[in-house]
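In what follows, a structure is listed as structure tokens, so that the remarks can point back to it.
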Amino acid sequence: MRARDLLADFPVVGPDTPVLEAARLLAEQDLPGLIVTGGDRAPLTILPGAEVLRLAVPGYCQDDPALARVVDEEHADAFLDRLDGRTVREALPSGRWRELPITDEDATVLELAALMARTRSPLVAVVRDGRLLGAVTLQALLDRALGA
């Protein structure tokens, strides 16, 4: 089993896409993350859904989760409002453009799993000649590995 056999079309966003639009894509399509591409559709990085939350959740709540409990319910329910006017670029982890979860279509299931584990990414972008073909998600990988 190769990456090309697990490949699925996957929505992409650009670095300047409004992060609220990215959040809607994540929610509406129940995605673990999004592929961020450049103008040539070459993958630049993966935006995990948790990074969108990192941008939306106040830092003091991330540092001390007990403080999130003191925020009244009305304000707590509106935490995504902090994303208004912000871009995907701002949600990307700064200084962490290390190894990218990108591979070619010939990667094996074990290679995909190792790449996901090593990069801590819930999906891998699959490319041919630098152009995006689609993605393999953690769910598809586990379904295949478990014989589901």
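As the structure is a prediction and not an experimental result, all values here were calculated from the model. Nothing fancy with the numbering, it's 1 onward along the sequence.
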Does the pair Leu7 and Leu133 meet the rule for a side-chain contact (heavy atoms from CB on, under 4.5 Å), with working shown?
CA-CA 8 Å; Leu7 200 59; Leu133 295 175; 3.8 Å; yes
Between Val88 and Leu47, is a side-chain contact (heavy atoms from CB on, under 4.5 Å) present by the stated rule, with each step listed?
CA-CA 8 Å; Val88 165; Leu47 174 64; 3.9 Å; yes
Say you draw a straight line from CD1 of Ile102 to CD1 of Ile46; how long is it, rounded to the nearest 0.5 Å?
6.5 Å
Using distance only, find each side-chain donor-acceptor pair of residues 15-39 under 3.5 Å and give its atom names and separation, not counting sequence neighbours.
residue	atom	partner	partner atom	Å
Asp16	OD1	Arg89	NE	3.4
Asp16	OD1	Arg89	NH2	2.9
Asp16	OD2	Arg89	NH2	3.4
Thr17	OG1	Gly14	N	2.9
Thr17	OG1	Gly14	O	3.1

Pairwise side-chain contact, Leu132 with Val12, heavy-atom cut-off 4.5 Å (strictly under):
yes
Going only through I, L, V, M, F, W and Y residues with side-chain contacts under 4.5 Å, is there a path from Leu112 to Leu110?
no
Do Asp106 and Arg4 meet the salt-bridge criterion of a basic N to acidic O distance under 4.0 Å?
yes
Taking all heavy atoms of Thr45 and all of Leu92, pick out the closest pair and write down the distance.
CG2-CD2, 3.6 Å
Contact summary for Val136 and Ala3, nearest pair of heavy atoms:
CG2-O, 3.8 Å
Closest heavy-atom pair, Val127 versus Pro43, reported as atoms and distance to 0.1 Å, is CG1-CG, 3.4 Å
Would a distance-only check, ignoring hydrogens and angles, find a side-chain to backbone donor-acceptor pair under 3.5 Å from Arg144 to Leu6?
no
Can you check whether Arg131's main-chain N or O pairs, donor with acceptor, with Asp129's side chain at less than 3.5 Å?
no
Here the gap from Leu67 atom CG to Arg69 atom CZ, rounded to the nearest 0.5 Å, amounts to 11.5 Å
On a heavy-atom basis, which atom in Glu105 and which in Arg2 lie closest, and how many Å separate them?
O-CB, 3.7 Å
Heavy atoms only: give me the nearest Met116-Leu138 pair and the separation to one decimal.
CE-N, 3.6 Å
So how far is it from Glu90 CD to Glu51 CD, rounded to the nearest 0.5 Å?
13.5 Å
Would a 4.5 Å heavy-atom cut-off, applied to side chains only, mark Val126 and Phe10 as touching?
no
Atom CG of Asp40: over 12 foreign heavy atoms under 6.0 Å
yes
Restricting to non-hydrogen atoms, name the atom on Glu111 and the atom on Ala107 that form the minimum distance, rounded to 0.1 Å.
OE1-CA, 3.2 Å
Between Asp64 and Cys61, is there a donor-acceptor pair closer than 3.5 Å when you use the side chain of the first and the backbone of the second?
no
Rounded to the nearest 0.5 angstrom, the OG-CG distance for Ser121 and Leu100 is 9.5 Å
